[in-house]
Amino acid sequence: MNNTEVADILARMADILAIQGESLHRIMAYRKAAENVAALSRPVEEMWQADELRAIPGIGKTLEAKIDELMRSGRIGAYERLREQVPDGVVALLQVPDVGPKRAALFWKELGVEGVASLEKAARAGRLQTLPGMGAKSEQKVLAGIEALKRLSGRTLLGVALPLAETMLGALLEVPGVVLATPAGSLRRKRETVGDLDLLVAAEDPEPVMARFRELPQVEEVLLSGSTKTAIRTAEGFQVDLRVLEPQRWGTALQYFTGSQAHNIHLRQLALERGFSLSEYALHREEGDVLCSTEEEVYSALGLPTIPPELREDRGEIEAALASRLPDLVEVDDLKGDFQFHTTRSDGHNSLLEMAQAARAAGL
DNA sequence: GCCGTTTTCGGCCCGACTGTTTTCAGTCG
Ligand SMILES: Nc1nc2c(ncn2[C@H]2C[C@H](O)[C@@H](COP(=O)(O)OP(=O)(O)OP(=O)(O)O)O2)c(=O)[nH]1
Ligand SMILES: [Mg+2]
Ligand SMILES: [Mg+2]
């Protein structure tokens, strides 16, 4: 039983508990445990053998016992029972954008929907809008979500996402009043794959920026658009999120939108311990808000050195920063050469000479 | 369900947008 398999089970337990209407904090506990098991650098089985499961953040007495049961018997009784109570197809509904645990439960219990295909049928037949809290518009959004799911599910390589981001940012930078425009989210953290594109823009007046964004040629569908945030979907089914805030809030805004979610939550907890409440708008204090125009100011106000985006996954970087023990990362400038590349002699796109010249031009 | 140099119980990050709502739940970032 490997780490991914264990994490997947915990995450599925979280999903089922959510559909059952369990306490949000209990659900979060399962999710957090799942994330931390997935992020482990050692096999969870090895930690189990060494009786070290409790050293994993988010694994307490109960989840330790469940993982122990899984390692011993290959199953978790509690998980088997949950799966008997909520069919897999109902859990699968959560993959549809705009369908969360409440709606999944509603569609299942009221209409007998037990999968995405049957949800589509119900929506096309106009049955969703008969439900409490639902209407014609919500029903259409669910249908659009199912279509998007068919076009693209899963993550996109950084190298594919980055050029698209640069193109869109270039267009937004042309809008009068735009001061700064940059990639954020997993793109800025340089994750190998990204779930969507997150773009951040600084401007006093957000409306012209939002208007331009909604009309970019890549936009197939506008998902939502307000005064600080717009989300669109491309023809490929790829989502792009844009946030626009005033330049004087750039520091807190960039910190927020760079994430990760887990890093943000941890940093916000630290802020609370320091007498602040941290949001994308400011460091809020009783005496009044502190606006930060740079990320350095945000981290510094919390007593931390600025943490490189690549490390912001809540995998110990905040503790390391507190102890002034952040690792010295390898930067592009540290590269002296490249001993492994392909040329036209095999499946590369350039000749050996071209590669050598490009390397020299790059200072390698 | 987890966790603790203020806590072993009672908190758990903070906010935007939409639709259906008559005051806010749901979903998402
Ligand atoms: N404080 C806070 N920030 C969040 C939360 N969810 C998302 N964010 C911030 C941090 C994220 O990096 C950023 C963009 O959200 P995304 O959902 O696009 O996540 P991210 O880009 O990190 O990963 P992705 O590759 O898109 O799956 O928004 C949240 O629940 N709380
Ligand atoms: Mg993202
Ligand atoms: Mg996003």
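Convention: sequence-line order gives letters A, B, ...; per-chain numbering from 1. Since the model is a prediction, treat every value here as computed from it, not as a measurement.
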Intermediate values then yes/no, side chain to side chain donor-acceptor pair (under 3.5 Å), A/D314 and A/H263: CA-CA 5 Å; A/D314 194 27; A/H263 177 88; over 6 Å; no

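- Atom name P, nucleotides B/dT27 and B/dT20: the rounded distance is 14 Å, in whole Å.
- Distances shown here put a side-chain N or O of A/R26 below 4.0 Å from the OP1 or OP2 atom of B/dG1.
- With distances taken from any side-chain atom of A/A29 to the nucleotides B/dG29, B/dG1, B/dT20, the minimum falls on B/dG1.
- Comment: A/E295 engages A/R312 in a salt bridge, judged by a side-chain N to carboxylate O separation of less than 4.0 angstrom.
- If you measure from atom CG of A/L24 to atom P of B/dC2, you get 17 Å, rounded to the nearest angstrom.
- Set against B/dT27, B/dC13, B/dC17, the side chain of A/K229 has B/dC17 as its closest nucleotide.
- Mapping A/L17 and A/S227 onto DNA chain B by nearest heavy atom places A/L17 closer to the 5' end of the strand.
- Looking at A/D241 and A/K229, no side-chain N of the basic residue comes within less than 4.0 Å of a carboxylate O on the acidic one, giving no salt bridge.
- Look at CE on A/M210: it is 12 Å from P on B/dA16, rounded to the nearest Å.
- The nucleotide whose nearest atom lies closest to any side-chain atom of A/D98 is, among B/dG15, B/dC28, B/dG1, B/dC28.
- Of the candidates B/dT18, B/dC13, B/dG1, B/dC13 carries the atom nearest the A/Q261 side chain, counting heavy atoms from C-beta on.
- Closest to the A/K141 side chain, of the nucleotides B/dG29, B/dG19, B/dG1, is B/dG19.
- When Watson-Crick and G-U wobble pairs are counted only if both distances are under 3.5 Å, B/dT8 pairs with no nucleotide at all.
- Taking atom P in both B/dT21 and B/dG26, the straight-line distance is 12 Å, to the nearest Å.
- In this structure, A/E313 pairs ionically with A/R191, as a charged nitrogen and a carboxylate oxygen lie closer than 4.0 Å.
- A gap of 31 Å separates the P atoms of B/dC3 and B/dA16, to the nearest Å.
- Contact annotation: A/S277 reaches the phosphate of B/dC14 (side-chain N/O to OP1 or OP2, under 4.0 Å).
- Between A/Q239 and B/dG29, a side-chain N or O to OP1/OP2 separation shorter than 4.0 Å is present.
- Nucleotides B/dT22 and B/dG15 have their C1' atoms positioned 23 Å apart, rounded to a whole Å.
- Relative to the side chain of A/L63, the nucleotides B/dG19, B/dC2, B/dG15 differ in distance, and B/dC2 lies closest.
- Spacing between B/dT8 and B/dG4 at atom P, rounded to whole Å, works out to 13 Å.
- Donor-acceptor pairing under 3.5 Å, judged by distance alone, is absent between the side chain of A/Y281 and the base of B/dG15.
- Of the listed nucleotides (B/dG1, B/dC17, B/dT27), B/dG1 has the atom at the smallest distance from the side chain of A/S23.
- In the set B/dT27, B/dG1, B/dG29, the nucleotide with an atom closest to the side chain of A/Y30 is B/dG1.
- A straight line from CZ of A/R31 to P of B/dT27 spans 11 Å, rounded to a whole angstrom.
- Considering only side-chain N and O atoms, A/T228 lies under 4.0 angstrom from the phosphate OP1 or OP2 of B/dC17.
- Here the options are A/Y256, A/F257, A/W250, the test is side chain to side chain contact (heavy atoms under 4.5 Å, CB included), and the partner is A/L254; only A/W250 passes.
- Electrostatic pairing of A/E35 and A/R31 does not count as a salt bridge here, judged by no charged N lying under 4.0 Å from a carboxylate O.
- Taking atom P in both B/dC13 and B/dC17, one finds a spacing of 22 Å when rounded to whole Å.
- With both ends at atom C1', the span from B/dG29 to B/dT23 equals 24 Å, rounded to whole Å.
- Classification of A/E147 and A/K150 as a salt-bridged pair holds, one side-chain N sitting under 4.0 Å from a carboxylate O.
- The nearest whole Å value for the distance from the CG atom in A/L254 to the P atom in B/dG29 is 19 Å.
- Residue A/K137 places its side chain closer to B/dT20 than to any other of B/dG15, B/dC13, B/dT20.
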